[in-house]
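I have placed the structure first, in the form of structure tokens, so that the comments after it can refer back to it.
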Amino acid sequence: MIYASQSLGDLWAWALNQFAVFCGWLGIPEVIRYTVEKGAYAVGLLVFISLTALVLIYMERKVSAHMQLRYGPMWTGGWHGWSQTIADMIKLLLKEDVIPDKADRWVHRIAPIVIFVPSLVGFLVIPFDKYLIGADLNVGILIIFGFSSIAVLSIFMGGWASNNKYTLLGGLRSAAQMISYELPLVLSVLGVVMTVGSLKMSDIVMAQKDVWFLFTPNFLGFIIYIIAGTAEVNRTPFDIPEAESELVSGYNTEYSGLKYGFFMLSEFTNTFIISAIAATFFMGGWNGPSWLPGIVSFLAKTYLIVFLLMWFRWTFPRFRVDRLMDFGWKFLLPLSFFNILMIAVWILVTK
Amino acid sequence: MNEKELLAKITEKFPAVIESKPAAGALPAFNLTLDVPAASIADVCAWLKTGGLKFDYLAALSGVDLKDKLQVVYHLYSLEMKHKLILKADLDRLAPELPSVNSVWQAANWHERETYDMFGIKFNGHPYLERILTAEGFEGYPLLKDFIAKPDQYD
Amino acid sequence: MTEQIKNTGFEEMTLNMGPQHPSTHGVLHLLLKMDGEVITEARPDIGYLHRGMEKLAEKRTWGANIALSDRWDYIASMSNNFAAVLGPEKLMNITVPKRAEYIRVIMAELNRIASHLIFFGTYGIDIGAFTPFFYAFREREMILDLYESVCGARLTYNYFRIGGVSADLPADFVPGVKSFIDYFRPKLKEYDTLLSTNPIFMDRTVGVGNISKEEAIDWALSGPNIRASGVNFDIRKDDAYSVYNEFDFNIPTGKNGDCFDRYMVRMNEMKESARIIEQAIEKLEPGDIIAKVAKVVRPPAGEIYTHVEAPKGELGVYCISDGSTLPYRYKVRGPSFVNLAILQKMLKGLKIADVVAVLGSIDIVLGEVDR
Amino acid sequence: MIKIFKYTWAILKGMGITFKYFFIRPVTVQYPKEKVKISSRWRGTLKQLRNEKGEEACDGCRICEKICPVNCISMEVYKDEKKNRRFTSSYVVNFGRCMFCGLCVEACPKKCLVHTPDFEFCAYDRESLILAKDKILR
């Protein structure tokens, strides 16, 4: 039976179960059953991603506006301009797709796809709820980091192919930045992995049933993760690849229309992924009060981190590119090594 | 140091420099104003800066079209000794040129370019004497009194 | 493959920054030669906003030139008005009524605050912090409201007249200014928390774009730029015009002449301006606001160079009168024009991210650079 | 180490300020819906007044025309022998040129040229910014 208080994960598991029984009754082969199951999940995920991107863009506008004593969009769609993002998307769809005359056309075209696909893949292993995970892989977290490091390739492709000095500088900067911040990012998560002893997302969530890792010595890891994660998604204070006041718009200066939309969309989906991992690894994922459906508590935590990132963005100035590297290599990386050491000692002491 | 002493000191060193007389019917000058021969302006300025009077600040350098001649006016301060001085160099209207004071005060760099742009006065020894304000390919020198402004598409 | 690559293996990149660029503060074109992100040569290219103000001035009456002066440094029009009226007043030997003098000082100092607020906001944007911009504009808006209640315009005030000011203060102006000052002082502390003490901001500005004392004098910088280098040069004190000698105020100076010092000098100047305004309000007494001057003035033949301490620096006007209603020559010494010239020297060896930090800290207005 | 804590504290304080403003009512005005109060001295478009008898008060002294820095006022004047005063037969203001400096209003000896508080003044082409007397005399 289904109750309202039951979470979406239970619902999904129940539906899968019913479907399996149904398939077994009809004698449908396992392969087809599996494909339909995963296909349904993928479709649901796509809908969720596009909705999330819309919500995040709207949220960014409103958060920035209210921090800056403004209202933000107020007209489109009626109540507080709720449909502004949708209107913007329609605008981006209808806009002319400009390719610079001397651009490397093929690379220029493919760059937005290269950045968007990895950010979709990342969603597969995010545990939204109990049972509600696309693929509960043994190497869950590695998949995300592996794919998200492809994003740098795309940014570099976009910057190079546009044949514009500003985009080139933006691309080069982002290559340097994202590669150097990947290390602390992964190392900061390593503390949690050591504590749990597994890379599997569901294991990590289950390990936090009683106490979130945020309130253990992994706290330091959380801070490093947030800083490095901000750098990874190119948001202020680490937005030097875009660096509006220096490089006009950085790597996506020459993009327009839907391609630019893809860059923008992937920026926000990446933000969501980074926040979702933070929620999973440090804030207990879908663990929460028993009366709250798991997905709600997961999304609440994720959006809290998203808000934090936005809060950073609208408060801080931007680093300079060389100081950014200094900060990454000379401060954040040693700190994350220290973090690992500390966690190791903690594990030894407590176990 | 009052103006008389200042004048005495400068004329002692450079006899060719004389106190400037206002035109007939005009108000007397508000600050000490000197007429300097155009050819020796750079030497005078270099001495003014280094030779004890410490005129280290070039406030403004302006060109003036006096119809029969062109004039370059230098407004100088001394930040340390707090005195002011105005130098005037008269130039031939047809072939206006004089030595640049860019080596004395770096500030003269753009001032001289602007004066060149507006009056066509050539500053010999300027490192990069190009038009600065008007557009590329602009003809004529707009602040000359005989410059005729051609109406553009908006007039 | 160019010769350069053949010889050295590297190519110098030429980057055109501007005239349409988010942080060139208008239509400034910087021609940068770069080795990677490091600048090897910089050349500012100006004149995109050249409107021929000096030529126009020769065709306008002395009074109409005040309206024109609004357009030099269009975010600090009151100071421009001040510079524009001082010359003819001195030539005609007009004594401005006391009340008008104090009103002028209040206006000029309010304008200094307004101009520095714009600096604060745009500098934040240059460095990458967007939010301070809006806070700065909230305060500036209040000053503009005060201006609007006095002269009826929010940007091009055209308020000063030869011999005084155009209109008396409305009844609610003085309380308005007082409450603004009371409101403004705590906000300055907030700004300090947001930017001045922010480690990232300090990282970007401290030690960047140093100008030594000698350099600053040699390039004839003025205003906050020269004071940040440690030169105590302020026309309000050194060559006190109007009634500035009656007020008690300090001149903030810096030590190193880097971007942070230039920023801090401006922040401290706002405090001093607030002090001057308070004192001026105390001294404000009823009386005439304009001396008896003909509608169309004819200053006697003669010449004069007058200067005021505008928010950007020394704003000088060199006017020559031939006794007619029109000026014979009207040279404007824009502080931004002179301050900008040093940029070509400062930028060498800096990174491209520093370009905006340095350019922002010089605080130029292209309307005044090109005139 | 102390430096790190100091920096962190400064950063947190900065974040505190933006967070505080997150909950404070925005100060912006939703312009076309709500409008700010315009000062009574607002220098808007120009308007000619009539005198107490209902006829136009302007007597064509041309002072506003002369004082205008941008030459945006032009008029034609005739003398009405019956009333023994001058009238303007045409009075045209080119608001495309006008810079709203207010010198004409200040100079008007009859005080019959005044500013309106109108600030929403826009048009699709330059020609419609040139207003003749029928629009200005109100």
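Order of the sequence lines sets the chain letters (A, B, ...), proteins ahead of strands, with each chain counted from 1. Model, not experiment: these values are computed from the prediction.
- Only the side chain of B:Glu114 comes within less than 4.5 Å of a heavy atom of chain C; its backbone N, CA, C and O stay farther away.
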Quiz item: Yes or no on side-chain contact (heavy atoms from CB on, under 4.5 Å) for C:Asp238 and B:Tyr77, after CA distance, side-chain angles and deciding distance?
Solution: CA-CA 11 Å; C:Asp238 288 354; B:Tyr77 309 151; over 6 Å; no
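- Within the 4.5 angstrom heavy-atom criterion, only side-chain atoms of C:Lys331, from C-beta onward, approach chain B.
- Within the 4.5 angstrom heavy-atom criterion, no atom of C:Asp322 approaches chain B.
- Only the side chain of C:Gln344 comes within contact range of chain B, judged by heavy atoms closer than 4.5 Å.
- Between chain C and the options B:Asn109, B:Thr33, B:Val73, heavy-atom pairs under 4.5 Å are most frequent for B:Val73.
- Looking at B:Tyr57 and C:Ile226, their side chains come closer than 4.5 Å, going by heavy atoms from C-beta outward.
- When heavy atoms are compared at a cutoff of 4.5 Å, C:Ser222 approaches chain B by way of both its backbone and its side chain.
- Residue B:Ala59 touches chain C through both its backbone and its side chain, counting heavy-atom pairs closer than 4.5 Å.
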Practice problem: Would you check, one step at a time, whether the test salt bridge (Lys or Arg N to Asp or Glu O under 4.0 Å) holds for B:Asp65 with C:Arg329? | Solution: CA-CA 8 Å; B:Asp65 182 6; C:Arg329 170 87 171 98; over 6 Å; no
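- Residue contact with chain B, scored on non-hydrogen atoms closer than 4.5 Å, involves the side chain of C:Arg43 exclusively.
- Residues B:His111 and C:Arg333 are in side-chain contact: their nearest non-hydrogen atoms beyond the backbone lie under 4.5 Å apart.
- By a heavy-atom distance cut of under 4.5 Å, C:Pro300, C:Ala301, C:Gly302, C:Glu303, C:Ile304, C:Tyr305, C:His307, C:Glu314 are the residues of residues 299-315 of chain C near chain B, going up by number.
- Heavy-atom distances place the backbone of B:Leu61, and not its side chain, under 4.5 Å from chain C.
- Among the residues in residues 81-92 of chain C, those with a non-hydrogen atom closer than 4.5 angstrom to a non-hydrogen atom of chain B are C:Lys90, C:Leu91.
- Ionic pairing of C:Asp218 and B:Lys49 is present here: one or more N-O contacts between side-chain nitrogen and carboxylate oxygen are shorter than 4.0 angstrom.
- With a 4.5 Å cut-off on non-hydrogen atoms, B:Leu76 does not touch chain C at all.
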Practice problem: Could you go through the salt bridge (Lys or Arg N to Asp or Glu O under 4.0 Å) check for B:Asp56 and C:Lys213 one step at a time? | Solution: CA-CA 12 Å; B:Asp56 49 6; C:Lys213 210 171 174 173; over 6 Å; no
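- Neither the backbone nor the side chain of C:Ile342 comes within contact range of chain B; no heavy atoms are under 4.5 Å apart.
- At a 4.5 Å heavy-atom cutoff, the contact between B:Leu79 and chain C is made by side-chain atoms alone.
- In terms of non-hydrogen atom pairs under 4.5 Å with chain B, the most contact-rich of C:Val369, C:Leu221, C:Asp45 is C:Leu221.
- For C:Lys55, the NZ atom is densely surrounded, since the number of other residues' heavy atoms within 6.0 Å is greater than 12.
- Atom NZ of B:Lys88 has more than 12 neighbouring heavy atoms from other residues, nucleotides or ligands inside a 6.0 Å radius.
- Here C:Leu49 contributes atom CG and B:Leu133 contributes atom CG; the two are 10.5 Å apart, rounded to the nearest 0.5 Å.
- Contact of C:Ile235 with chain B is not made at all, since no heavy-atom distance falls under 4.5 Å.
- For B:Lys145 (side chain) and C:Tyr328 (main-chain N/O), a donor-acceptor pair under 3.5 Å exists by modelled atom type.
- For C:Glu58, the part sitting under 4.5 Å from any heavy atom of chain B is the side chain, from C-beta outward, and nothing else.
- Heavy atoms closer than 4.5 Å to chain C are found in the backbone of B:Val104, but not in its side chain.
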